[in-house]
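We use all heavy atoms of the structure for the numbers below, so side chains are in, but hydrogens, waters and symmetry mates are not. Atoms within a ligand are numbered from 1 in the order they appear, just like the ligands themselves. Not measured: the values here are computed from a predicted model.
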Amino acid sequence: MTKNVSSLLQKVLFAVLLFLAVSQILPAQNQELHWTKTASGVWITKVGQPETVNFTGTSGVNPKLEAINAMNNVDFPLPENEIKATVFDGKTYLQFPLEVGEKIFGLGLNFKTVEQRGRILRLHVDHYGGEDNGRTHAPVPFYVSSKGYGVFINSARYIDVWTGTAVSKESKIPMNPRDRNTDKKWTSKPYSDNVSVLVPAEGVEIMVFGGPTTLDAVSRFNLYNGGGCLPPKWGLGFWHRTPTLYTDAQVLNEVSEFKKHQFPLSVIGLEPGWQSKSYPCTYEWDAGRFPDPAKFIAQLKVQGIQTNLWINPYISPESALIEKLKPFTASHTVWSGFVPDYGLPEVNAIVGEHMKKYQLGVGVSGFKMDENDGYDSWLWPDVTLFPSKIPAEQMRQLYGLMMQKMTTQLYREQNSRTYGLVRASNAGGVSFPYVIYNDYYSHRDFITALINSSFIGVLWTPEVRSSKTAEEWLRRMQTVCFSPLAMLNAWSDGTKPWSFPEVEKQVTEVANLRMQLIPYLYTCFAEYAFYGRPPMRAMNLVEGFTSSDEKLEGKLNSTENPYAEATKKEMKDQFMVGDNLLIAPVFAGETERKVILPKGKWYDFYTGKLAGEAEVISVSPGLDRIPVYVRDGGIIPMKESTQIAPASGEKDNLIIRFYGTKEASYMLYDDDGETFDYEKGAFSWREIRVAAGKDGQLKGTLSKATKSKPDNIGTVTFQFMSK
Ligand code: GAL
């Protein structure tokens with residue numbers, strides 16, 4: 001061997017040893033990512049070996065590609081080379097870039113915070129425990145940015161997220177060590193330029209949704225998950241849940257009390273006592289309290305009232321269901337009830353057949369699916385084994401979703417829409433017609449949750465149960481009437497809407513307003529279903545809300561630029577219903593509040609008077625009313641007040657309100673309000689236009705109904721509110 005060859009060999013050997021040594025220190029390599037565009041502004045990539053069980057697969061819902069492709073084409077919204085992915089130690093490590101000043105929203109149904117930058121979360125289905133730590137009813141692993149894009153991690157694991165809290169030594173912003181001994185500017189939270197995610201699995205599917213606006217990114221996410229749900233019209237009326245042990249006669253009597261008080265009522269909810277036994281549940285009617293369920297439900301139906309039944313997942317050994325179901329249940333029980341494995345088609349078939357025969361078959365319109373979320377000891381432990389071989393961790397993340405899927409399918413089979421309640425949901429559930437609720441009861445936090453629901457494709461109701469004072473009662477009623485599901489849940493203390501006679505008049509007024517707003521609300525939901533835009537939404541999803549004046553950064557003060565200063569703060573207590581209504585709830589004990597009116601002119605809903613324009617106003621609305629504002633050119637289709645929601649095919653007399661001075665156009669949605677025929681084209685979007693006539697006066701018109709399309713509109717009256 002010549003000297004040259006041996007020195008070359010030595011060098012090669014040295015290089016190999018060095019490589020091996022370094023790869024011991026840095027055991028994992030970044031995986032190169034290949035993004036596939038699957039629709040306009042939607043990209044997917046796979047890291048490592050993604051698990052077969054995930055959210056989109058479990059929900060089984062098809063993306064609404066046509067609707068996504070009708071949106072603007074946008075470029076990939078992030079610098080690709082700054083997205084990092086590594087599989088190591090059986091887990092997937094991910095890193096996404098963040099810009100200075102960028103805000104992050106989403107990452108689950110949070111109750112106290114809207115902005116998530118600066119937080120550390122473990123996304124884990126649970127009953128909300130009073131802290132925004134990731135444990136919540138819908139810990140959706142999706143975030144949207146104020147820069148107008150969204151990131152979705154399609155894994156049903158307990159995912160850890162460091163949202164702008166992990167500091168990499170390769171950060172674009174140089175390290176800035178400060179001496180804690182002497183430097184007052186020392187901080188325990190140095191600047192982080194990324195969102196870091198740890199998925200406890202050897203691979204994952206990731207999706208990125210483009211904007212350009214934050215609302216566009218949310219809409220694409222929603223459409224990718226099948227589009228929002230479209231409730232039946234009755235779902236938007238007023239709901240009342242009766243005490244657990246009420247009999248059929250007591251419920252019917254309660255309904256007649258609603259009539260006497262002239263209070264709206266569309267749905268009666270029966271709590272656990274409709275069953276012969278509960279906790280664990282039989283899913284069988286109690287023969288004493290409800291001897292003839294079909295007759296009872298028919299008695300409600302003739303009055304235009306639907307019936308909703310409470311259930312939880314755990315099946316009693318005494319239920320007739322159990323003989324067939326037992327082989328398909330989990331290794332552990334809850335409250336001595338068997339846990340059905342909804343990962344198996346057999347379970348869906350057995351429970352489904354039972355429900356078709358004994359619940360849907362006697363006319364039940366929907367379910368409230370309780371206790372599929374946690375409290376930990378109120379659920380199976382993570383050592384439980386399921387016959388489907390889906391690990392308990394994934395089961396926990398998916399169980400609420402699976403129950404929604406099964407029941408949605410049952411109603412679909414009979415071509416009638418349902419609308420119900422659930423305590424656990426997740427990504428993939430956007431199109432399932434369920435609204436989340438819980439046992440937590442802070443009014444303020446309920447509104448923050450309503451705001452947050454709009455970032456993550458779920459619906460939330462700030463249900464009313466009880467109150468210490470008449471004032472609190474009224475304030476809660478005012479907000480629930482502007483939510484996806486207006487409900488009094490009197491299961492435990494038997495409250496009635498008129499329980500506080502001092503405010504009965506005002507409570508009735510706001511419930512009537514809810515009924516009058518059904519044409520507007522129904523159109524908001526149609527926009528959710530067809531275009532992915534959430535019906536109730538955060539101010540951060542409103543264009544022109546946040547000041548984009550970067551020059552003001554660091555120079556904000558309340559005298560020179562109060563609007564810019566106010567919109568830099570987290571917005572947790574006002575929200576939008578659709579594009580046109582801004583709701584500013586007032587909480588018990590308050591007589592005055594600040595309202596931030598975004599760019600453009602805004603008008604008082606009740607009087608039509610100009611309220612302000614891109615400014616912060618202080619209002620003292622009095623007890624009677626919840627502050628509501630309408631944007632300039634805002635068209636609000638309303639109907640005459642009725643106690644029950646419009647039945648299928650029933651004509652509504654419209655009262656179309658117009659606010660401001662700007663000429664405007666609005667598309668009003670309509671269909672039969674009950675079936676899935678709209679998915680086959682049986683719907684209409686009719687244009688309402690307000691424009692100046694030859695005399696310069698504003699005039700309103702409604703476009704004609706298209707032949708052979710549903711037409712549920714009777715008389716039309718325009719009201720020009722801002723004279
Ligand atoms: C709770 C639920 C309540 C009520 C109750 C009945 O878990 O959140 O709304 O339904 O169960 O036992």
Side-chain angles (χ1 to χ4, degrees), residues 109 111 125-130 135-138 238-247 250-251 254 267-286 289-290 306-316 319 334-337 339 359 364-380 396 399-400 403-404 407 419-425 434-443 445-446 449-450 453 458-467 473 476-477 480 483-497 499:
L109 191 65
F111 285 73
V125 167
D126 204 350
H127 190 283
Y128 181 68
R135 281 190 174 243
T136 183
H137 307 267
F238 193 84
W239 292 51
H240 179 68
R241 308 199 73 85
T242 48
T244 296
L245 291 178
Y246 260 30
T247 62
Q250 283 173 304
V251 175
E254 187 105 319
V267 184
I268 276 287
L270 304 182
E271 287 287 316
W274 71 269
Q275 297 180 65
S276 53
K277 293 206 169 128
S278 70
Y279 290 80
C281 299
T282 56
Y283 286 22
E284 285 158 10
W285 291 90
D286 182 80
R289 286 184 288 273
F290 295 92
Q306 311 292 325
T307 311
N308 176 285
L309 296 184
W310 175 100
I311 54 170
N312 75 22
Y314 314 113
I315 311 284
S316 164
S319 167
V334 178
W335 303 310
S336 302
V339 183
Q359 282 93 45
V364 169
S365 304
F367 296 93
K368 162 177 168 180
M369 302 186 296
D370 207 18
E371 280 125 6
N372 35 28
D373 49 351
Y375 276 134
D376 273 352
S377 55
W378 289 47
L379 205 98
W380 61 84
R396 180 143 178 184
Y399 207 88
M403 290 184 79
Q404 291 177 62
T407 44
Y419 199 42
L421 294 132
V422 71
R423 238 173 51 185
S425 194
Y434 285 93
V435 182
I436 305 170
Y437 65 96
N438 73 4
D439 286 346
Y440 183 75
Y441 203 52
S442 155
H443 189 197
D445 294 356
F446 269 18
L450 184 58
S453 65
V458 298
L459 300 170
W460 161 260
T461 173
E463 66 172 36
V464 182
R465 299 201 289 266
S466 59
S467 281
W473 186 251
R476 285 182 181 273
M477 282 289 186
V480 85
S483 82
L485 200 148
M487 182 172 74
L488 168 52
N489 179 10
W491 75 276
S492 104
D493 43 18
T495 48
K496 328 270 175 225
S499 279

task = Answer yes if the side chains of Gln250 and Thr242 hold a donor-acceptor pair under 3.5 Å, and no otherwise.
result = no
key: Contacts of type salt bridge (Lys or Arg N to Asp or Glu O under 4.0 Å), residue Asp126, not counting sequence neighbours   = Arg135, Arg396
key: Mutual orientation of the aromatic rings belonging to Phe111 and Tyr128 [parallel < 30°, tilted 30-60°, perpendicular > 60°]   = parallel
Side chain to side chain contact (heavy atoms under 4.5 Å, CB included) partner of Gln306, chosen from Val267, Val364, Ile268 = Val267
query = Is there a donor-acceptor contact under 3.5 Å from the side chain of Trp460 to the main chain of Pro484?
reply = no
message = In this structure, is the centre-to-centre distance between the rings of Trp335 and Tyr279 below 6.0 Å?
response = yes
note = Within the heavy-atom cut-off of under 4.0 Å, ligand 1 is lined by Glu271, Pro272, Tyr279, Trp310, Lys368, Asp370, Glu371, Arg423, Tyr437, Asp439, Asn489, Trp491
